[in-house]
Amino acid sequence: EKAGYDHFMLKEIYEQPKAITDTYRGRLLRDQAIIKMSGVEDNIKKFLNANRVIIVACGTSWHAGLVAEYIFEDLARIPVEVEYASEFRYRNPVINEDDILIAISQSGETADTLAAIKLAKSKGAFVFGICNVVGSSIARETHAGAYTHAGPEIGVASTKAFTTQITVLTLMALRLARAKGTITSSDYHHHLLELEMIPNKVKKALEYDNHIKTIADIYKDATNCLYLGRGYNFPVALEGALKLKEISYIHAEGYPAAEMKHGPIALIDENMPVIVIATKKGHYEKVVSNIQEIKSRKGKIIGIVTQGDEQVRELADHVIEVPETLESLSPLLTTIPLQLLSYHIAVMLGKNVDQPRNLAKSVTVE
Ligand code: M6R
C-alpha cells in the first residue's frame with residue numbers, strides 16, 4: 001500500500017535512495033574494485049567486440065537510454081544510438097550480428113519495445129534487456145539482461161524506475177570501461193565511491209521538498225513550461241517536461257539549452273517559467289549565459305543548482321539545490337526536484353496523480 005503517503009508516486013519518489021541501493025547491491029563491490037553483473041560477464045566478449053550499441057525504449061525509459069548514451073560513450077568509448085522503439089521497428093534499420101541492442105523497459109511489456117527486440121534478434125543482433133518486472137515478456141525475450149530491482153512501481157508516472165535504470169546502465173558502462181581500458185584506475189574508483197554515495201545524496205535532495213512545494217504553488221497556473229539542460233542533463237530536461245505534462249496536463253517542453261536560440265527563445269516572456277539544470281560540473285558557464293538570455297527576456301527562472309552555488313542564485317527567481325557529485329552521476333540527483341515539482345503542481349491542480357487521464361502503466365498495444 002501507500003505506506004502513509006498520499007500517492008504512490010510520492011512514495012516511489014521517496015523510495016529512490018533504497019531502490020538505487022537495491023540496484024547496485026551485490027553488483028558494486030568497492031572493496032574488491034569490481035562490478036559483478038552476470039548478464040554482462042557471461043557475454044563480455046560480445047560487448048567488447050560490438051561495433052555499436054543501439055538502445056531502444058519508450059517514454060521515460062527512452063530518457064534513461066539517452067543518459068546512457070553519454071555515459072557509455074564517455075567512459076567506455078562505445079558508439080551508442082538511442083531510438084524510440086516505435087520508430088526503430090518500422091524503419092528497416094541497418095543492424096547485424098556485430099551490433100548489440102539494449103532494450104529498456106520498466107514493465108517489460110511495452111509492445112513497441114518487444115517488437116523492436118524481435119526484429120533485432122531476427123537480424124542476428126545480441127539483445128540485452130533492462131527490466132524492472134521479473135519474468136516479464138521482455139525479460140524472457142532477450143538473450144541476457146539485468147533487472148533494476150526497484151520494487152513495484154504503481155504510479156503511472158515513472159520515477160524510481162528511471163533512476164534505477166540509470167544506475168544499471170552506469171554499472172554496465174563502468175564494467176565495460178574497465179574491461180576495455182578506457183577508464184583510468186583512479187577515475188574508476190572515484191566513480192564506484194561516488195555511486196555508493198548517491199543514495200544519501202538523493203536523501204539530501206529530497207529534503208528540499210517543502211521549498212519545492214512553495215515554488216509549485218507559484219507556478220501551478222502556468223500554461224507552458226520550458227526545461228533546459230546540457231550534456232548529461234539534457235535527457236533530464238526531457239524527463240522533467242514529460243513528468244509535468246503527464247500528471248498536471250501543463251504543456252511542457254524539454255530542450256538542450258543551446259538549442260533555445262534556434263526557436264524556443266521566441267516563446268519566452270514574463271509568463272514563461274523556465275527550469276534550467278545548472279549544476280556546477282559540465283558546461284556550467286554556458287548554462288549561466290543561457291540563463292542570462294532568458295532573464296533579459298523576462299522569463300521566470302527556476303535553477304537546479306549544486307549546493308552552495310552563488311552565480312545562478314543571483315540571476316534566478318528561485319533555486320533548488322542538489323548535492324555535488326560527478327557530472328556523469330548528476331542525472332540521479334537533478335531528476336529528483338523535477339519529480340517533486342510536477343508532483344506538487346499536479347496535486348495542487350487536483351489531478352489524479354497516480355492515474356492520469358488517457359494513460360496506462362504499460363502500453364501493451366502499439
Ligand atoms: O514499461 P516501460 O518502461 O516500457 O514504459 C515506457 C513508457 O510507457 C513509460 O516510461 C511512460 O512514458 C511513463 N508513463 C512515463 O512516466
Side-chain angles (χ1 to χ4, degrees), residues 7-13 15-16 19 23 55-68 82-89 101-118 120 127-142 145-169 227 235-250 252-254 331 335-336 338-343 345-346 351-366:
H7 301 93
F8 282 109
M9 183 183 176
L10 190 63
K11 171 175 176 265
E12 289 158 7
I13 290 172
E15 274 171 356
Q16 288 175 109
T23 301
I55 299 180
V56 294
C58 305
T60 291
S61 297
W62 183 75
H63 296 153
L66 286 178
V67 174
V82 188
E83 304 257 3
Y84 285 117
S86 56
E87 287 298 317
F88 176 83
R89 63 178 287 205
L101 187 103
I102 299 180
I104 310 173
S105 175
Q106 187 285 130
S107 62
E109 302 297 342
T110 301
D112 282 319
T113 309
L114 195 54
I117 291 168
K118 289 182 178 158
V127 181
F128 191 92
I130 297 175
C131 298
N132 191 39
V133 177
V134 176
S136 55
S137 303
I138 292 176
R140 284 182 281 121
E141 195 63 44
T142 42
Y147 285 115
T148 44
H149 300 302
E153 191 183 65
I154 311 292
V156 164
S158 193
T159 53
K160 62 176 179 172
F162 181 64
T163 45
T164 57
Q165 285 164 347
I166 294 174
T167 304
V168 165
L169 289 156
Y227 288 73
V236 177
L238 296 182
E239 174 60 9
L242 176 61
K243 286 289 86 87
L244 190 68
K245 273 184 270 208
E246 69 178 330
I247 61 169
S248 73
Y249 318 146
I250 295 173
E253 287 197 63
T335 199
I336 305 295
L338 305 189
Q339 294 170 345
L340 287 170
L341 185 66
S342 50
Y343 171 78
I345 291 179
K351 306 299 183 205
N352 186 346
V353 173
D354 283 334
Q355 281 187 300
R357 68 186 182 198
N358 310 340
L359 284 170
K361 182 62 184 162
S362 57
V363 184
T364 53
V365 291
E366 61 169 292

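What you see is a predicted model; the values in this text were computed from it and never measured. Both ligands and their constituent atoms are indexed starting at 1 by order of listing.
For ligand 1, the atoms sitting less than 4.0 Å from at least one non-hydrogen atom of Glu246 are 13 (C), 14 (N), 15 (C), 16 (O), numbered in the order shown with element in parentheses. Taking every non-hydrogen atom of Gly59 and a distance limit under 4.0 Å, the qualifying atoms of ligand 1 come out as 10 (O), 12 (O).
Contacts of Glu109 with ligand 1, taken as heavy-atom pairs under 4.0 Å, are absent altogether. Within the 4.0 Å heavy-atom criterion, neither part of Lys361 lies near ligand 1.
Counting only heavy atoms from C-beta outward, the side chains of Phe88 and Leu101 approach each other to under 4.5 Å.
Side-chain contact of Lys245 with Ser342: a donor-acceptor pair under 3.5 Å is absent, judged by distance alone.
Among protein heavy atoms, the minimum distance from atom 10 (O) of ligand 1 is reached at Thr60 N, 3.0 Å.
In terms of polar-atom proximity, defined here as any N/O pair under 3.5 Å, Thr110 does make such a contact with ligand 1. Among the atoms of Ser362, none of the N or O lies under 3.5 angstrom from an N or O of ligand 1. Checked by distance only, ligand 1 and Ser61 come closer than 3.5 Å through their nitrogen or oxygen atoms.
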Could you tabulate the donor-acceptor pairs under 3.5 Å formed by side-chain atoms of residues 61-68, not counting sequence neighbours?
from	atom 1	to	atom 2	distance (Å)
Ser61	OG	Gln165	NE2	3.0
His63	ND1	Glu239	OE1	2.8

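Listed by first and then second residue, the side chain to side chain donor-acceptor pair (under 3.5 Å) pairs that reach into residues 352-361 are Glu153-Lys361, sequence neighbours excluded.
Counting heavy atoms only, Cys58 comes closest to atom 7 (C) of ligand 1 of the residues Ala103, Cys58, Ser158, Ser136.
At least one heavy atom of Val156 sits less than 4.0 Å from an atom of ligand 1.
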